[in-house]
Amino acid sequence: FVLNTRVKPHEYMIDWTPSEQIHGIAPLDVVDCAPLDIVLLELLDRVKFDQTDKFYIYNKEFDIRLIEQSLSNERLDAFGLYDYEFSPNSELEAFCQLLTARSTCLMLEYSAFAAVPTSKGGYKWHKLTSACDQIGFDYSALSAHAAASDCLLAAAVYRHLHGDFK
């Protein structure tokens, strides 16, 4: 199951040129889209997660930080990082806790696999498209930074590292 949708930022801006240049998504592309809390609730409605599920996220730290920021902007403190008082949706809070606890950063796994050392120690982080280039996955027919396309690219990296899905 892939929920392939765009999300309208809580603080909708007319101009976000740097992000638009990276992702190819303009403000008008999301003007009629749902905010993150609604999209996550739709996901929860479609898929039931349990304590055995495992998630692979390419660049987990970045994605979870953005989810945290977006949920805090929506005044849903699902990660317990802010001090204001309100009652978050319990299903959404449980999902966010599950996602944080049960996810693995596929980018870090790939970085260890590629083993390109950095001057600071550790290994170089590779963009998702760079990792796919290195493993020989042809994504020329896909749109990078689109949800469904990024899922397919991440799946290719996962399969390269772990074999088929279990």
Side-chain angles (χ1 to χ4, degrees), residues 1-10 13 15-30 33-36 39-40 42-44 46-73 78-79 81 92 95-166:
F1 168 75
V2 174
L3 180 61
N4 187 28
T5 187
R6 291 183 174 162
V7 176
K8 181 178 179 179
H10 174 69
M13 301 170 288
D15 180 41
W16 57 46
T17 303
S19 293
E20 186 175 348
Q21 290 172 344
I22 293 170
H23 304 289
I25 301 171
L28 288 177
D29 296 331
V30 298
C33 294
L36 181 63
V39 172
L40 288 178
E42 179 183 346
L43 177 66
L44 287 172
R46 290 187 184 187
V47 179
K48 299 301 177 202
F49 300 101
D50 65 38
Q51 293 299 316
T52 63
D53 289 322
K54 184 159 179 131
F55 303 88
Y56 284 85
I57 303 172
Y58 204 90
N59 200 351
K60 172 185 172 176
E61 182 181 324
F62 174 80
D63 284 352
I64 289 182
R65 181 173 45 85
L66 286 184
I67 291 171
E68 288 172 352
Q69 289 171 353
S70 297
L71 291 176
S72 68
N73 286 341
F79 288 82
L81 299 175
L92 188 56
F95 168 74
C96 291
Q97 290 172 350
L98 179 68
L99 180 63
T100 301
R102 296 269 180 195
S103 59
T104 298
C105 183
L106 193 55
M107 180 182 72
L108 294 179
E109 283 192 348
Y110 183 78
S111 293
F113 169 81
V116 177
T118 67
S119 60
K120 298 177 182 178
Y123 298 114
K124 176 185 175 186
W125 294 355
H126 302 264
K127 293 180 181 179
L128 182 55
T129 52
S130 297
C132 286
D133 288 337
Q134 293 166 22
I135 65 172
F137 181 73
D138 180 10
Y139 57 90
S140 59
L142 303 174
S143 300
H145 298 295
S149 296
D150 281 359
C151 285
L152 292 171
L153 272 64
V157 173
Y158 176 91
R159 284 185 176 126
H160 189 80
L161 296 176
H162 299 280
D164 211 354
F165 296 109
K166 297 172 179 89

What residues, two or more places apart in sequence or in another chain, satisfy side-chain hydrogen bond (donor to acceptor under 3.5 Å, both in side chains) together with [X]?
{"X": "Lys54", "answer": "Thr104"}
{"X": "Thr5", "answer": "none"}
{"X": "Asp138", "answer": "Ser140"}
{"X": "Ser130", "answer": "none"}

Mind checking what makes ring-ring contact (aromatic ring centres under 6.0 Å, His included) contact with Phe137, not counting sequence neighbours?
->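 ring-ring contact (aromatic ring centres under 6.0 Å, His included) list for Phe137, sorted by chain: empty.
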[atom1]/[X] to [atom2]/[Y] distance, rounded to the nearest 0.5 angstrom?
{"X": "Leu128", "Y": "Leu152", "atom1": "CG", "atom2": "CG", "answer": "10.0 Å"}
{"X": "Asp150", "Y": "Asn4", "atom1": "CG", "atom2": "CG", "answer": "10.0 Å"}
{"X": "Ser103", "Y": "Lys60", "atom1": "OG", "atom2": "NZ", "answer": "3.0 Å"}
{"X": "Tyr158", "Y": "Leu106", "atom1": "OH", "atom2": "CG", "answer": "9.0 Å"}
{"X": "Lys127", "Y": "Leu153", "atom1": "NZ", "atom2": "CG", "answer": "13.0 Å"}

Under the ring pair (Phe, Tyr, Trp, His ring centres under 6.0 Å) rule, what pairs show up with a residue in residues 111-133, not counting sequence neighbours?
-> Tyr110-Phe113, Tyr110-His126, Phe113-His160
Mind checking side-chain contact (heavy atoms from CB on, under 4.5 Å) for Cys151 and listing every partner two or more places apart, or none if nothing turns up?
-> Val2
Qualifying residues under side-chain contact (heavy atoms from CB on, under 4.5 Å), relative to Thr118, sequence neighbours excluded = Lys120, Lys124
Minimum heavy-atom separation for Cys33 to Val7, with atom names?
->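 It is CB-C, 4.2 Å.
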Any idea which heavy atoms bring Cys132 and Val157 closest together, and the distance?
->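 Shortest heavy-atom separation between Cys132 and Val157 comes out as SG-CG2, 3.9 Å.
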Given Phe62, Tyr56, Tyr58, the one that forms side chain to side chain contact (heavy atoms under 4.5 Å, CB included) with Met107 |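 Of the listed residues Phe62, Tyr56, Tyr58, the side chain to side chain contact (heavy atoms under 4.5 Å, CB included) partner of Met107 is Tyr58.
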Is there side-chain contact between Ser111 and Val116, with heavy atoms separated by less than 4.5 Å?
-> no
